[in-house]
Protein chains: 2
Amino acid sequence: MKQIGSNPRTHLIPEASLRRLPIYYRSLQEMKVAGVSQVSCADLARVLGLDPTQVRKDIEMTGIVGKPRVGYLLGELVLWIENFLGWNRPKEAVLVGAGSLGSALLGYEKFRSHGMQIVAAFDIDPEKIGQRIHGREVQPLMFLPDFVRQRKTPVGVIATPAAAAQPVTDLMVAGGIRAIWNFAPAHIQVPEGVILQNEDLYHSLASLSFKLETKMPVTPAENGNSYAEDN
Amino acid sequence: MKQIGSNPRTHLIPEASLRRLPIYYRSLQEMKVAGVSQVSCADLARVLGLDPTQVRKDIEMTGIVGKPRVGYLLGELVLWIENFLGWNRPKEAVLVGAGSLGSALLGYEKFRSHGMQIVAAFDIDPEKIGQRIHGREVQPLMFLPDFVRQRKTPVGVIATPAAAAQPVTDLMVAGGIRAIWNFAPAHIQVPEGVILQNEDLYHSLASLSFKLETKMPVTPAENGNSYAEDN
DNA sequence: TAGATTGTTAATCGATTAACAATC
DNA sequence: TAGATTGTTAATCGATTAACAATC
C-alpha cells in the first residue's frame with residue numbers, strides 16, 4: 001500500500017495538469033449536487049469532452065487510489081484534489097492597486113475556498129486610501145512591507161498600472177512575500193525562489209487576435225481551445 | 001528574397017510563442033521611447049532575462065528578416081509584430097456580464113490597440129440594463145444575437161457568473177461569433193471552428209496554491225515563473 | 001578581416017497519447 | 001466469469017535548447 005497523504009510521484013508535476021484539476025473539481029461538485037457518489041475518469045472525460053487518458057494521468061497525480069471497474073468515491077476524490085492543491089489550507093494575500101480590477105478581485109469570495117484569502121488592500125492614491133472595498137479598508141502602500149513582515153503574508157496580488165508593477169514587486173519581496181500573482185501588463189523580475197504567476201491579458205489577446213485572422217494552425221494549448229461537442 | 005507580409009513558416013505556430021510576443025513588444029516600446037533604433041534578439045533576451053535562442057525563434061515567427069551582427073530596426077520589428085498578431089486590425093467584440101469584472105474590462109482602452117475593441121455590453125439584470133459604463137450603454141442580453149449578426153461582430157467576451165457561461169456562449173454562437181474570450185469559471189463547449197480562450201483564475205490559483213505548499217518541482221510553463229535577476 | 005548576430009538544422013526534453021497488464 | 005477501469009510502461013509528438021553555418 002502506498003503512503004497516504006503524500007504524493008506517489010516523486011518526479012515532476014506538469015503545470016498544465018495542475019491547471020486542469022480545477023476543471024475536474026468543478027464537474028465533480030456539480031455531480032455531487034446531482035447525487036452522484038462514484039465517478040470514473042472515463043465519466044469525467046465524457047462530460048468534459050476531454051481525453052480519458054489525460055484525465056486519468058491528472059487524477060493519479062493527486063495520489064488517490066481508485067478501484068478498477070468502479071473508479072473513485074466522488075466525495076473522496078474532491079477531498080484529494082483539495083488537499084493536493086492546498087485549497088483546504090487558504091493562504092493569506094495582500095492586494096496592491098484598488099482600481100476597477102483590484103476591486104473586482106477583492107469581491108471574489110470564492111478565492112478563500114480555493115487556497116487564497118485577500119486580507120488587505122493597498123494603494124498609493126490618496127483618493128483611494130481609506131475607502132472600504134468589499135469589507136477591506138485601503139491602506140497606504142508604504143504600510144505594506146511592515147504588514148507583510150509582521151503577518152508573514154505569503155502572497156501578493158498586483159493589480160496596478162504597468163509602471164508600478166516592478167516597484168510594488170520589490171516592496172513585496174522586501175517584506176518576505178513568497179508568491180506574486182501579477183495582473184499588471186508588465187514583465188516583472190523576482191529573485192530566485194519567489195513564485196511568479198502572470199495573468200497578462202495582452203498575452204491572451206495576442207493569441208486570440210492571431211487565431212482570428214489567420215488560417216495558420218496553432219498548436220493546442222493548456223488554456224486554449226476546448227474540444228468540440230461531438231458525442 | 002522571401003515574400004513580404006506573409007509568414008515564412010508554413011508549419012505550425014506554437015501557442016506559447018504567440019503569448020511571448022507581447023513581452024518583446026512591450027520592451028521594444030520602452031526602448032523606442034528611450035531612443036533606441038536598432039535591437040538584436042540578444043538585447044531583448046538580456047533585458048528580459050530570457051533565453052536568446054527562444055527570443056530569436058519567436059521573432060523569426062513574425063517573418064521579419066534581420067541583419068547579422070546588427071539585428072533589426074526597432075520600429076520595423078514593432079510593425080512586424082503588430083502585423084503578425086493582427087494588433088493593427090482591431091476586431092469588434094461584445095461583452096456579456098456588466099459586473100465588476102465586466103466593468104473593468106470595458107475600461108481597458110488599450111484593448112483597441114491590441115487587436116480588440118469592445119463595442120457593446122449586455123446583461124440580463126434589469127438593474128444593470130440602461131447603465132452607461134465607460135461610454136457604453138448596457139443592453140438587454142436578448143438583443144445580443146441580432147446585434148452580433150447584423151454587425152458581424154467576431155468576438156464575444158464572457159464575464160458572467162459560471163452558470164450563465166454556457167447559455168451565453170450558445171447565444172453568441174447562434175449569432176455567428178467566431179471567437180470567445182471566457183472569464184467565467186466554467187468549462188464551456190463550443191462547436192468546432194469557434195476559437196475559445198479561457199481566462200479562468202481558478203486555474204492559476206490551483207498552480208499558485210500548489211507551488212506555495214510543496215517542495216515538489218513543477219515544470220516551468222509559459223505563463224508561470226520568470227527568471228531570476230542574475231546578471 | 002574579425003566577430004557578433006542571424007537563420008537553420010539537429011538534439012534534448014517533457015507532455016500527451018497509446019498500449020497493455022492488473023484487478024475488482 | 002467477463003469486462004470495464006485502474007495503474008503503468010512505451011511511443012509519439014511538439015517545444016525548447018543547442019550547435020553551427022551564413023553573413024554583414
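Every chain is numbered from 1 and lettered A, B, ... according to where its sequence line falls, protein lines coming before strand lines.
In this structure, a donor-acceptor pair under 3.5 Å is absent between the side chains of B:Arg56 and B:Thr53. Under the 3.5 Å distance criterion, with hydrogens and angles disregarded, no donor-acceptor pair is assigned to the side chains of B:Lys57 and B:Ser17.
The two residues A:Ile177 and A:Gly156 have their closest heavy-atom pair at CD1-N, 3.6 Å.
One atom, CG of A:Leu12, and another, C1' of C:dT16, lie 14 Å apart when rounded to the nearest Å. Straight-line distance from the CD atom of B:Gln38 to the P atom of D:dC24: 14 Å, rounded to whole Å. Taking atom CG on A:Leu73 and atom P on C:dC24, their separation rounds to 15 Å, with Å as the unit. Atom CD1 in B:Ile59 sits roughly 9 Å away from atom P in C:dT6 (whole-Å rounding). When rounded to the nearest whole Å, the span between CD1 of A:Ile13 and P of C:dC13 equals 20 Å. A straight line from NZ of B:Lys57 to C1' of D:dT17 spans 8 Å, rounded to a whole angstrom. Rounded to whole Å, atom P of D:dG7 lies 11 Å from atom CH2 of A:Trp80. Residue A:Glu60 contributes atom CD, which lies 6 Å from atom P of D:dT8 at whole-angstrom precision.
A donor-acceptor contact shorter than 3.5 Å is absent between the side chain of B:Lys152 and the backbone of B:Gly176. At distances below 3.5 Å, at least one donor-acceptor pair connects side-chain atoms of A:Arg178 with backbone N or O atoms of B:Leu212.
Using cut-offs of 30° and 60° on the angle between ring planes, the pair B:Trp181 and B:Phe111 is tilted.
Residue A:Tyr72 places at least one side-chain N or O closer than 4.0 Å to OP1 or OP2 of D:dG7. For C:dT16, the OP1/OP2 oxygens have a side-chain nitrogen or oxygen of A:Arg20 closer than 4.0 Å. For C:dA15, neither phosphate oxygen OP1 nor OP2 lies less than 4.0 angstrom from any side-chain nitrogen or oxygen of A:Gln54.
Toward the 5′ end of DNA chain C lies the nearest nucleotide of A:Ser17, the other residue of the pair A:Ser17 and A:Pro68 mapping further downstream. In this structure, A:Lys67 and B:Arg56 both approach DNA chain C, and ranking their closest nucleotides by distance from the 5' end singles out B:Arg56.
Using a cut-off of 4.0 Å between Lys/Arg side-chain N and Asp/Glu carboxylate O, A:Asp200 and B:Arg26 are scored as salt-bridged.
Among the protein residues, A:Thr53 comes within range of the nucleic acid bases, having at least one heavy atom under 4.0 Å from a base atom.
Distances were taken from every side-chain heavy atom of A:Ser40 (C-beta onward) to each of D:dT5, D:dA10, C:dT9; the shortest belongs to D:dT5. Distances from the side chain of B:Pro14 to the nucleotides D:dA15, C:dT6, C:dT8 place D:dA15 closest.
Stem analysis of DNA chain D (Watson-Crick or G-U pairs, both distances under 3.5 Å, runs of at least three) returns C:3-24 with D:3-24.
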